[in-house]
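All heavy atoms count here, side chains included; hydrogens, waters and symmetry mates do not. Computed from a predicted structure; not experimentally measured. Per chain, numbering begins at 1; letters A, B, ... match sequence-line order.
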Amino acid sequence: MNTLIALSGLGLMTLFSEIFGFKKIIRPIILIGLLTALVFSVADWNTNQSLFNDMVLVDNYAVAFSTLLIGLTLLWFLLCNNLFFDPVTEVDHSALAVFALIGAVCMTMYSNMIMLFLGIEILSISLYVLAGADKTNLASNEAAIKYFLMGAFATGFLLFGIALTYGATGSFSLAAINTAVSNGPGPNMMMLTAGVLLLLIAMSFKVSAAPFHFWAPDVYQGAPTAVTAFMSTVVKTAAFAAFLRLFSTVFSSNTEVWSSTLWAIAALTILLGNIAAAAQENIKRMLAYSSVAHAGYMLLAILAMNQLAAGALFFYSVAYSLSSLLSFSILLIISQKTGSETISGFRGLFKSNPLLAVLTIVAMLSLAGIPPTAGFFAKYFVFTAALDAGYLGLVILAVAGSLIGVYYYFRPLMAVFTPSSDSQEFSVDKTTVFVLVLLAIASLALGISPRWLTALFS
Amino acid sequence: MLPLLSTLIFLPLLGGLITFFSGVNARKTALAVALVELALSLWVLLAHFVPTAGMQLVEDYWWVESLGISYKMGLDGISMALVLLTTVLVPLIILSAFGRDVKSPSLYFGLILLMQSALIGVFASLDGFLFYLFWELALIPIYLICLNWGGENRTRITLKFFIYTLFGSLLMLVAFIWMRAQTANQSFDIDQFYALKLSSDAQSWIFWALFLAFAIKMPVFPFHSWQPDTYTDAPTQGTMLLSGIMLKMGIYGVIRWMLPVLPIGVDTWGLLAASLAVAGIVYASLIAWVQKDFKRLIAYSSIAHVGMIAAAVFTLSTQGLLGSVVQMLSHGVNVVGLFLVADILLHRTGTRDLGQLGGIRSVAPAFATTFIIILLGAVALPLTNGFIGEFMLLSGIFRYNITLASLAGLSVIFGAVYMLRAYRIIMLGEQQSSSATFADLVWNEKAVLYTLVVLIFLFGVYPDPLIRLVGPSVEHLQEVITNAGAATLR
């Protein structure tokens with residue numbers, strides 16, 4: 001509870017800072033606020049409390065994911081300090097990001113459909129605005145509109161799904177729905193099936209799984225890179241946390257209704273994401289499609305739905321977020337220096353800034369899932385969970401998908417070493433370098449000793 | 001007491017990291033580390049290793065207990081021999097780059113040491129997951145070496161190399177994960193794998209999954225298409241690492257992780273695998289015959305040599321297995337020498353094209369002499385190291401299948417023909433303008449080549465210590481295979 005209150009307070013304070021004239025110190029305030037929320041969140045470990053008339057259940061699953069989300073937002077703010085914010089809009093954008101985080105945290109700890117809906121909407125509405133943050137840029141405006149329209153669609157599906165489930169089971173509470181579902185097929189069987197499938201589609205929209213992924217590449221590419229980084233880390237993690245929570249607590253006893261559909265969605269997502277990513281010249285778009293592909297791998301954990309699933313999904317979220325934040329930040333720095341978001345921007349990086357080149361290598365290796373990076377163990381855990389649940393065919397498909405992944409992740413990696421005539425040495429400010437190195441070290445440390453995280457869920 | 005084996009594995013890693021920051025002294029630092037590592041390995045061999053005692057210097061700790069992954073390391077005669085090969089060759093490989101222009105040397109030599117660390121890790125791992133991990137770790141430094149210091153087409157070629165080998169190793173990982181699920185206590189421990197009694201269907205598919213992984217690395221025909229390009233395009237030290245040591249990972253993988261686990265699979269499919277290997281010998285020998293680029297010629301000859309080793313491994317005979325280990329060492333020594341010769345040719349004359357070389361012997365006698373000795377070792381002349389290994393391999397194959405043996409034997413003759421032809425053109429032949437001013441060997445080239453020559457003769461004349469080191473482990477391995485086969489059938 002403290003976490004949510006602290007975050008909400010922080011959000012409001014950020015908004016008011018302009019009115020009450022303490023705008024100058026807003027950055028430290030946000031950092032301290034997020035740190036406080038982080039501490040509150042960690043303190044909730046093992047408390048397992050139910051709050052707000054059973055609207056929220058703070059179990060360890062929720063604590064782990066919300067701590068991750070707050071930590072990611074903290075790192076994101078540190079990285080964005082000088083790269084994204086400008087003095088005029090800083091306050092608005094910061095406040096929106098904090099509000100988005102509140103929505104994300106709700107999505108990890110809900111125990112009632114209403115809370116899920118609220119969380120998704122708080123998150124999404126903030127993001128629609130953030131996607132259009134670069135007001136003078138046509139692409140950014142397009143991204144915002146597209147995201148808004150598609151998001152509204154998904155919300156429609158979500159509401160229909162919730163309504164039909166309510167109609168079939170008579171409750172919004174996850175626990176009550178679970179009891180009703182596990183009692184076996186009742187008179188409202190059809191209604192429940194339709195509800196589950198609509199929910200599945202809505203969640204697939206939110207995690208950008210194929211064939212509901214069409215918004216993702218355009219929005220990711222059009223939005224300012226910093227916002228894209230936020231979307232691919234915080235938003236994605238929150239969406240998956242909500243997805244797994246919903247299906248594992250509520251619909252685990254009627255898997256036959258939705259598992260074959262999800263199987264097809266996962267297979268399609270892995271294939272489409274990887275193949276489309278391989279064809280991109282623009283790195284940002286490539287990362288957007290790769291984000292779709294990663295969603296496909298993460299769906300394996302939801303499909304597996306065994307005791308390994310939560311741990312595997314959490315590890316994957318951590319690993320993917322670390323390397324994704326790293327690669328988008330590098331891309332942001334490079335595109336600001338060279339004005340190019342294509343692969344040519346990476347040429348000669350090894351000469352012009354060796355540290356950034358090494359960080360690029362770590363990020364790409366982790367995204368491609370090569371040891372000794374966290375990305376490797378992430379894939380390993382997810383694939384093992386799926387194998388344990390008997391999805392051998394899908395795992396083989398996923399392995400093939402990761403091979404395609406190696407192809408496109410290695411293109412920037414190779415470009416780094418390609419000599420370039422016009423590469424000039426440049427430096428990056430200290431805070432950014434510090435955070436980036438921290439992300440890289442975390443990626444490597446988790447790749448060498450994954451035990452630190454896996455212990456949480458066993 | 002100090003964990004000796006871990007020290008042996010992680011010393012080069014540490015040395016590599018130090019080398020990254022050593023600036024202009026990179027070569028000397030790297031060489032010093034490699035020499036310390038060599039001394040350490042020799043000390044381990046002489047003071048702490050008993051060839052007859054099975055797995056030694058074992059270190060066994062949990063790493064990720066919930067997944068059955070342990071940090072389990074150990075050496076027997078076979079792995080000790082390969083560790084020694086690595087520790088002997090790496091200093092020579094580093095030394096061979098002295099006096100050559102290398103851009104960002106600290107990174108280059110640091111990566112070579114990282115590679116050494118991973119290679120020793122592969123040879124010492126007794127846990128399937130750990131083995132896979134070191135296997136992949138060895139790939140990254142060599143990939144970066146080829147990518148940043150390679151020739152013209154490196155981007156395309158190295159990517160093909162990487163994806164090819166990664167594909168193989170992922171198959172291996174899937175097979176290992178599946179086998180783990182079948183073990184009694186859900187672990188990747190090699191002893192648990194050895195104790196598995198898999199059905200013959202399971203053994204068949206695992207055989208092919210593992211065979212693909214190892215065959216791509218060696219490479220065995222028809223999975224070799226990455227190899228000639230990569231060998232030719234990689235920088236000399238990269239090629240030496242790939243051919244001298246890294247391809248032995250594949251053969252070692254077959255010996256350690258395939259034969260004892262899949263006796264039925266090997267029995268069913270071994271002949272086919274051996275036939276592929278022999279087909280590769282003939283195919284590669286014929287292509288080597290018509291090569292114009294000397295480095296490419298060695299690359300193809302390497303496919304032929306490795307094919308012979310691979311074929312002998314699948315015979316499961318004492319001579320075949322023993323011969324394969326001996327020949328792995330000999331091939332490592334010879335091929336590093338040959339690639340250094342190719343490097344010297346290119347460095348002095350600017351070309352490796354046989355058509356533009358000739359008459360070098362008269363201006364560079366020391367070079368000519370060492371070249372012919374290494375070459376004779378490679379074509380298995382008696383009293384050289386190549387002969388011992390090749391002889392054992394052939395006699396092993398002969399007892400297994402006469403047709404295969406005669407085809408493989410033919411390739412020995414082919415090998416002599418194309419190698420000597422290359423020597424005739426380059427060293428004798430008509431004096432070409434490019435080679436009139438050919439300077440003879442300088443100190444570091446002498447140091448490397450003379451060391452190799454000593455090794456060639458040493459093991460050619462007196463192979464006994466090597467055989468005593470490897471022999472008991474091979475016999476023990478055969479027992480394991482026989483017992484496993486009998487247990488599965490029962």
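Under a cut-off of 6.0 angstrom, the local environment of CH2 in W178(B) is crowded, with over 12 non-hydrogen atoms contributed by other residues, nucleotides or ligands. Few gaps surround CG on N185(B); more than 12 heavy atoms of other groups in view lie less than 6.0 Å from it. Heavy atoms of other residues, nucleotides or ligands lying less than 6.0 angstrom from CZ of F434(A) number 12 at most. Environment of NZ in K430(A): sparse, with no more than 12 heavy atoms of neighbouring residues, nucleotides or ligands closer than 6.0 Å. The neighbour count for Y71(B) OH, taken as heavy atoms of other residues, nucleotides or ligands under 6.0 Å away, is above 12.
Taking the six-membered ring where the residue is Trp, the centroids of F376(A) and Y132(B) are separated by under 6.0 Å.
Neither the backbone nor the side chain of F383(A) comes within contact range of chain B; no heavy atom of the residue lies under 4.5 Å from a heavy atom of that chain. Within the 4.5 angstrom heavy-atom criterion, only side-chain atoms of P450(A), from C-beta onward, approach chain B. Proximity to chain A (any heavy atom under 4.5 Å) is shown, for L139(B), by neither the backbone nor the side chain. In this structure, chain B has a heavy atom under 4.5 Å from the side chain of I370(A), while its backbone stays farther away. Contacts between L413(A) and chain B at a heavy-atom distance below 4.5 Å involve backbone atoms as well as side-chain atoms. Residue L170(B) touches chain A through its side chain alone, counting heavy-atom pairs closer than 4.5 Å. Of the two parts of F129(B), only the side chain, counted from C-beta on, holds a non-hydrogen atom closer than 4.5 Å to a non-hydrogen atom of chain A. In this structure, chain A has a heavy atom under 4.5 Å from the side chain of L173(B), while its backbone stays farther away.
Side-chain contact between Y380(A) and I177(B) is present, with heavy atoms from C-beta onward closer than 4.5 Å.
To the nearest 0.5 Å, atoms CZ (R180(B)) and CG (L387(A)) are separated by 9.5 Å. Taking CZ of R411(A) as the reference point, atom OG1 of T155(B) lies at 11.0 Å (rounded to 0.5 Å).
Chain A forms more heavy-atom pairs under 4.5 Å with one residue of I69(B), L137(B), I140(B), L147(B) than with any other, namely L147(B).
By the 30° and 60° cut-offs, the orientation of the rings of W63(B) relative to F377(A) is perpendicular.
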